[in-house]
Student: 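Sharing a structure below in structure tokens format, with a few things to ask.
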Amino acid sequence: MLMLQSAFLQLIYFQMGINVVDSSVAGLGGCPYAPGASGNAATEDVVYMLHGLGLDTGVELSKLISAGEFICKFLQRPTASKVAQALQRRRKTVDGSISC
């Protein structure tokens, strides 16, 4: 739920004219000033939202998701990206496999 709130807030920022926001691939990371912070907004989710609004980000979402899957596999952590999770579930339903 927190990640969805983050995407919503970023949408409000964009509507206010702010065009640079912070996010991280697969939502990995956290805040050194807030111990226990769950992470950052997933870049995949932000890009998906912007593409859904018809904005050209210059980012190829499929490659971004692949990068997130790679780093998640390396770190042995699940992705926090809702978009990546949905695509993983779709793949699992289609071919019975999951990558991250």
Side-chain angles (χ1 to χ4, degrees):
M1 184 60 130
L2 184 59
M3 294 300 170
L4 293 176
Q5 291 173 344
S6 178
F8 176 72
L9 289 173
Q10 289 188 0
L11 174 59
I12 292 171
Y13 301 153
F14 289 123
Q15 290 174 337
M16 293 173 59
I18 296 169
N19 59 12
V20 176
V21 295
D22 189 29
S23 65
S24 64
V25 172
L28 296 170
C31 178
Y33 308 109
S38 60
N40 298 303
T43 305
E44 299 91 324
D45 297 349
V46 175
V47 169
Y48 180 82
M49 175 184 65
L50 295 174
H51 287 180
L53 294 170
L55 299 174
D56 181 16
T57 63
V59 176
E60 193 170 329
L61 185 59
S62 62
K63 289 185 178 182
L64 180 61
I65 290 171
S66 293
E69 289 174 343
F70 174 82
I71 193 65
C72 283
K73 190 172 186 176
F74 179 80
L75 295 174
Q76 298 180 345
R77 290 182 56 185
T79 182
S81 167
K82 300 302 181 193
V83 172
Q85 290 172 9
L87 289 175
Q88 289 169 353
R89 282 192 296 274
R90 182 182 298 166
R91 277 191 228 133
K92 187 174 182 180
T93 302
V94 171
D95 66 15
S97 67
I98 194 160
S99 59
C100 182

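Side chains are part of it too, since the values below use all heavy atoms of this structure and drop only hydrogens, waters and symmetry mates.
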Student: Minimum heavy-atom separation for A80 and G27, please, with both atom names.
Tutor: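 Smallest interatomic distance, heavy atoms only, reads CB-CA, 4.1 Å.
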
Student: Could you pull out every donor-acceptor pair under 3.5 Å between side chains of residues 7-23 and any protein atom, sequence neighbours left out?
Tutor:
residue, atom, partner, partner atom, Å
Q10, NE2, D22, O, 3.1
S23, OG, T43, OG1, 2.7

Student: Considering non-hydrogen atoms only, spot the tightest contact between S24 and L28 and give its length.
Tutor: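 Looking at all heavy atoms of both residues, the closest pair is OG-O, 2.5 Å.
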
Student: Could you tell me which non-hydrogen atom of C72 sits nearest to which non-hydrogen atom of P78, and how far apart they are?
Tutor: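 Where C72 meets P78 most closely, the heavy atoms are SG-C, 3.9 Å.
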
Student: How close do E44 and V83 get, counting heavy atoms only, and between which atoms?
Tutor: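 For E44 and V83, the tightest heavy-atom pair comes out as O-CG2, 4.2 Å.
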
Student: Can you measure from OG1 (T79) to CD (E69) and round to the nearest 0.5 angstrom?
Tutor: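 If I round to the nearest 0.5 Å, the distance is 8.0 Å.
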
Student: Just how far is it from atom OG of S81 to atom CG of L87, taken to the nearest 0.5 Å?
Tutor: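 Answer rounded to 0.5 Å: 8.0 Å.
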
